[in-house]
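Ligands are counted one by one from 1 in listed order, and the atoms in each one are counted from 1 as well.
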Amino acid sequence: MKKVLITGGAGFLGSHLCDRFIKEGFHVVAMDNLITGSLKNIEHLFPLKQFEYFHHDVSKFVHVPGNLDYILHFASPASPIDYLKMPIQTLKVGSLGTHNLLGLAKEKNARLLIASTSEVYGDPLVHPQNEDYWGNVNPIGPRGVYDEAKRFQEAMTMAYHTYHGLETRMVRIFNTYGPRMRVNDGRALPAFFSQAIKGEEITVFGDGSQTRSFCYVDDLVEGIYRLLKSDYAFPVNIGNPSEITILEAAQEVIDLVGNSNAKIGYRDLPMDDPKIRQPDITRAKEILKWTPIVNRKEGFAKTLDYFKTVVKA
Ligand code: UDP
């Protein structure tokens with residue numbers, strides 16, 4: 001039985017990856033320190049003998065007994081309010097954590113896939129963003145702790161690949177949504193869904209004209225699975241190119257929830273908030289034969305079903 005280590009295994013993406021690898025017949029070792037993850041996301045896996053969980057901060061030396069075939073590094077705070085609260089941990093897990101996992105991968109002769117991000121493109125000057133664009137990042141702004149940790153992560157991973165011949169994969173993840181997002185993680189969609197369900201004001205930052213392109217979690221997981229199995233060591237964007245303004249996203253959520261009391265309230269735009277974002281997925285299409293298949297209507301409906309179970313109206 002092949003064995004995979006998933007760091008951040010109790011988080012939103014990590015827990016969906018645990019499910020996928022269990023379904024594919026793997027032995028799954030999930031690791032998390034639960035600063036943003038939750039055991040609720042993986043409690044259904046605890047009875048399985050092919051599932052293990054370690055409570056550990058991967059910024060510290062990582063030990064896993066026995067063999068490992070694959071490592072997926074998904075541990076990190078991932079929402080702007082989380083990294084404002086935990087800037088040092090965010091920097092450490094992307095840098096020191098990645099170094100530890102690279103060392104572990106080398107020791108175990110395992111293939112390592114790192115979770116990079118559209119944030120490596122910063123507030124982009126190229127649109128849509130393809131993998132050859134180097135980005136427009138403010139290293140000392142509020143997002144710098146995340147963006148630069150992820151950029152360092154890519155540099156370190158590429159160095160292990162070229163210098164040590166380690167098998168590495170890099171996914172640049174664009175905004176992803178779906179069940180198990182944390183209600184209070186401060187990101188747009190969890191905020192909008194929970195506010196609309198509760199009949200609270202929908203908090204749109206700035207004038208809402210900034211754009212994002214939202215990908216349903218199942219599509220992302222499929223892309224990551226294909227990338228891991230591929231032989232491609234350079235970064236690959238995985239995201240859904242369907243781009244909308246944040247105001248449109250808020251309106252779509254309000255319409256879906258059908259709460260006519262929900263009103264939009266405008267708040268200050270956070271510093272360095274990217275104005276536009278859309279993945280160019282030509283590379284993923286060519287190399288992985290991957291394309292997203294869940295549209296927003298379907299994905300938002302599934303996400304609403306989930307938020308209704310965790311948010312009381
Ligand atoms: N945003 C918003 N209201 C909220 C939370 C976020 O209007 O309650 C905006 C935010 O300023 C950004 C966009 O929605 O322009 C997406 O924010 P999110 O935190 O979800 O992700 P990221 O900025 O990392 O793409």
- For atom 16 (C) of ligand 1, grab the closest protein heavy atom and report residue, atom and distance to one decimal in Å. R212 NE, 3.7 Å
- Whether G186 lies under 4.0 Å from ligand 1, heavy atom: yes
- Task: Check the angle between the aromatic planes of F51 and F46 and answer parallel, tilted or perpendicular using the 30° and 60° thresholds.
- Result: perpendicular
- Task: Number the atoms of ligand 1 from 1 as they appear, then name those within less than 4.0 Å of a heavy atom of R277, with their elements.
- Result: 22 (P), 25 (O)
- Task: Report the part of P274 in contact with ligand 1, treating N, CA, C, O as backbone and CB onward as side chain, heavy atoms under 4.0 Å; options are side chain, backbone, both, neither.
- Result: neither
- Looking only at heavy atoms, is any part of Q210 under 4.0 Å from ligand 1, and if so is it the side chain, the backbone, or both, or is it neither? side chain
- Message: Tell me whether P270 reaches ligand 1 (any heavy atom closer than 4.0 angstrom to a ligand atom).
- Response: yes
- Heavy-atom proximity to atom 23 (O) of ligand 1, best of Q195, R267, R143: R143
- Message: For A78, is there any backbone N or O sitting under 3.5 Å from a side-chain donor or acceptor partner on S76?
- Response: no
- Item | Within-4.5 Å side-chain heavy-atom neighbours: E131 and R172 | yes
- Task: Please check if the distance between the ring centroids of Y266 and F205 is under 6.0 Å.
- Result: no
- Item | Minimum side-chain heavy-atom gap R169-L112 below 4.5 Å | no
- Item | atom 13 (C) of ligand 1: the protein heavy-atom neighbour that sits closest, reported with distance to 0.1 Å | I246 CD1, 3.4 Å
- Message: Return the closest protein heavy atom for atom 19 (O) of ligand 1 as residue, atom name and distance.
- Response: R187 CG, 3.1 Å
- Query: So which protein heavy atom does atom 1 (N) of ligand 1 come closest to, and at what separation?
  - Reply: F205 CD1, 3.4 Å
- Distance to 0.1 Å, residue and atom name: give those for the protein heavy atom nearest to atom 21 (O) of ligand 1. N175 ND2, 3.5 Å
- Item | Protein contact of atom 10 (C) of ligand 1 - nearest heavy atom, named by residue and atom, plus distance | D273 OD2, 3.3 Å
- Mind checking whether F174 and Y121 have parallel, tilted or perpendicular rings, split at 30° and 60°? tilted
- Note on the structure: Result for salt bridge (charged side-chain N to carboxylate O under 4.0 Å, His left out) between R180 and one of D218, D19, D185 points to D19
- Verify salt bridge (charged side-chain N to carboxylate O under 4.0 Å, His left out) between D57 and K60, making sure each step is shown before the conclusion. CA-CA 6 Å; D57 174 359; K60 313 238 162 64; 3.7 Å; yes
- Identify whether M31 and L96 are in the same connected component of the hydrophobic contact network (ILVMFWY, side-chain heavy atoms under 4.5 Å). no
- Query: Under 4.0 Å from ligand 1, counting heavy atoms only, is it the side chain of T203, its backbone, both or neither?
  - Reply: both
- Message: Geometry only, no angles: is A188 polar-contacting ligand 1 at N/O separations under 3.5 Å?
- Response: yes
- Counting heavy atoms under 4.0 Å, the part of A250 that contacts ligand 1 is neither
- Query: After noting the C-alpha distance and the side-chain angles of F193 and Y306, does the key distance pass the ring pair (Phe, Tyr, Trp, His ring centres under 6.0 Å) rule?
  - Reply: CA-CA 10 Å; F193 277 104; Y306 171 77; 9.9 Å; no
